[in-house]
Amino acid sequence: MGVTPLIFPVSKLFENSDKQNHYEKFYFKDDGLIPNSKLPLLLIKDALPKNEKNPSQWFLQTFKSNNWTNSWTNGIYPFHHYHSTSHEVLGIYSGEAIIHLGGEQGEKIKVTKGDVIIIPAGVGHKKIESLNLGVVGAYPDGRDWDLMRGAKGERPTADNNILSLSIPNEDPLLGKRGGLVKIWFK
């Protein structure tokens with residue numbers, strides 16, 4: 001007697017699991033000023049549900065439900081900076097921007113409404129240009145964050161801060177089900 005397999009899309013098994021496959025990874029090495037990280041920066045394109053009427057609130061609520069709080073709504077600084085006391089998530093709720101990641105030797109990427117960037121502590125980032133940019137930022141466990149610019153004297157204190165940070169227990173979009181939880185813990 002044979003068994004007939006039940007066939008249906010795997011994405012139907014777990015809500016939002018299809019987004020797991022769209023996590024782009026970017027690695028940046030220490031450039032002497034910006035420490036960057038061994039953990040990859042993660043870019044998720046089009047994370048916002050189609051036809052969402054209040055994108056900033058959706059990002060705020062989604063991040064909060066996954067324990068990424070201490071939120072703000074604004075833009076991205078137009079100078080290279082990084083955080084040594086926390087990882088960070090940025091949800092783009094309007095407009096578009098060119099962001100320079102990883103310091104001067106890093107990479108420039110375009111982000112648009114609906115994109116999410118998960119930035120490990122130590123990874124440099126700055127806005128180069130933007131049009132109608134709106135961003136929600138948040139931090140795992142509501143951590144306080146510092147603002148480091150790659151100036152002389154910041155290190156080794158910043159390096160020690162980064163090394164002491166744990167990997168968050170939840171992804172800002174998928175919670176405990178995937179995303180950075182699977183990627184950063186490998």
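Because the structure is a prediction, the values reported are computed rather than measured.
Closest approach of P40 and K25 over heavy atoms only: CB-CB, 3.9 Å. Scanning both residues, Y82 and G150, for their nearest heavy atoms gives CE2-N, 3.7 Å. Taking each heavy atom of D159 and P35 in turn, the nearest pair found is OD1-CB, 3.6 Å. In this structure, L60 and S71 approach most closely via the heavy-atom pair CD2-CB, 3.4 Å.
The CD1 atom of I34 sits 11.0 Å away from atom CZ of R149, with the distance rounded to the nearest 0.5 Å. Summarising the geometry, atom CG belonging to D141 is positioned 9.0 Å from atom CH2 belonging to W68; distances are rounded to the nearest 0.5 Å. Residue D46 holds its CG atom at 9.0 Å from CG of L48, rounded to the nearest 0.5 Å. To the nearest 0.5 angstrom, I76 atom CD1 is 3.0 Å from I99 atom CD1. Distance check: L39 CG to F28 CZ gives 13.0 Å after rounding to the nearest 0.5 Å. Within the model, atoms OG of S86 and CG of D144 stand 8.5 Å from one another, a figure rounded to the nearest 0.5 Å.
Evaluation of the side chain to side chain contact (heavy atoms under 4.5 Å, CB included) rule for K50 yields no partner, not counting sequence neighbours. The side chain to side chain contact (heavy atoms under 4.5 Å, CB included) check on K45 picks up E24, L43, T112, D115, with sequence neighbours excluded. Residues meeting the ring-ring contact (aromatic ring centres under 6.0 Å, His included) test with F59, sequence neighbours left out: F63. Checked against side chain to side chain contact (heavy atoms under 4.5 Å, CB included), T85 has the following partners two or more places apart in sequence or in another chain: W145, D146, N161.
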Mind listing the side-chain donor-acceptor pairs of residues 119-133 below 3.5 Å, one per line with the distance, residues two or more places apart or on another chain?
unit_1 : atom_1 : unit_2 : atom_2 : d
H125   : ND1    : H81    : O      : 3.4
H125   : ND1    : V123   : O      : 3.0
H125   : NE2    : H81    : NE2    : 3.1
H125   : NE2    : E88    : OE1    : 3.0

Determine all donor-acceptor pairs shorter than 3.5 Å in which one atom belongs to a side chain in residues 169-176; sequence neighbours excluded.
unit_1 : atom_1 : unit_2 : atom_2 : d
D171   : OD1    : Y23    : OH     : 2.9
D171   : OD1    : L173   : N      : 2.8
D171   : OD1    : L174   : N      : 2.9
D171   : OD2    : Y23    : OH     : 3.1
D171   : OD2    : L180   : N      : 2.9

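Residue pairs meeting the ring pair (Phe, Tyr, Trp, His ring centres under 6.0 Å) criterion with at least one member in residues 91-113, sequence neighbours excluded: H80-H100. Residue pairs that meet the side chain to side chain donor-acceptor pair (under 3.5 Å) test with at least one member in residues 31-42, sequence neighbours left out, do not exist here. Legend: salt bridge (Lys or Arg N to Asp or Glu O under 4.0 Å) pairs involving residues 53-76, not counting sequence neighbours: none detected. The ring pair (Phe, Tyr, Trp, His ring centres under 6.0 Å) analysis of residues 151-173, with sequence neighbours excluded, yields no pairs. Every pair passing ring pair (Phe, Tyr, Trp, His ring centres under 6.0 Å) that includes a residue from residues 164-186 is listed here, sequence neighbours excluded: H87-W184. Within the structure, the salt bridge (Lys or Arg N to Asp or Glu O under 4.0 Å) test picks out no pair touching residues 69-82 (sequence neighbours left out).
The closest side-chain heavy-atom distance from I183 to L42 is below 4.5 Å. Side-chain contact check for I109 versus L101: some heavy-atom pair is nearer than 4.5 Å.
Residues F26 and V116 are members of separate hydrophobic clusters, defined by side-chain heavy-atom contacts under 4.5 angstrom among Ile, Leu, Val, Met, Phe, Trp and Tyr. Taken together through direct or relayed side-chain contacts under 4.5 Å among Ile, Leu, Val, Met, Phe, Trp and Tyr, V111 and F79 form part of one hydrophobic cluster. Linking ILVMFWY side-chain heavy atoms closer than 4.5 Å, directly or via other members, places M148 and L163 in two distinct hydrophobic clusters. Note on V136 and V89: same hydrophobic cluster, where clusters join Ile, Leu, Val, Met, Phe, Trp and Tyr whose side-chain heavy atoms are under 4.5 Å apart, directly or indirectly. Linking ILVMFWY residues whenever their side-chain heavy atoms come closer than 4.5 Å, directly or via other members, leaves Y27 and L41 in distinct clusters.
Using a cutoff of 4.0 Å between basic side-chain nitrogens and carboxylate oxygens, E96 and K113 are not scored as salt-bridged.
Applying the 6.0 Å contact sphere to CD of E52 captures more than 12 heavy atoms from other residues, nucleotides or ligands.
For Q61 (side chain) and Q57 (main-chain N/O), no donor-acceptor pair under 3.5 Å exists by modelled atom type. Proximity of a side-chain donor or acceptor of N70 to a complementary backbone N or O of Y139 within less than 3.5 Å is not detected.
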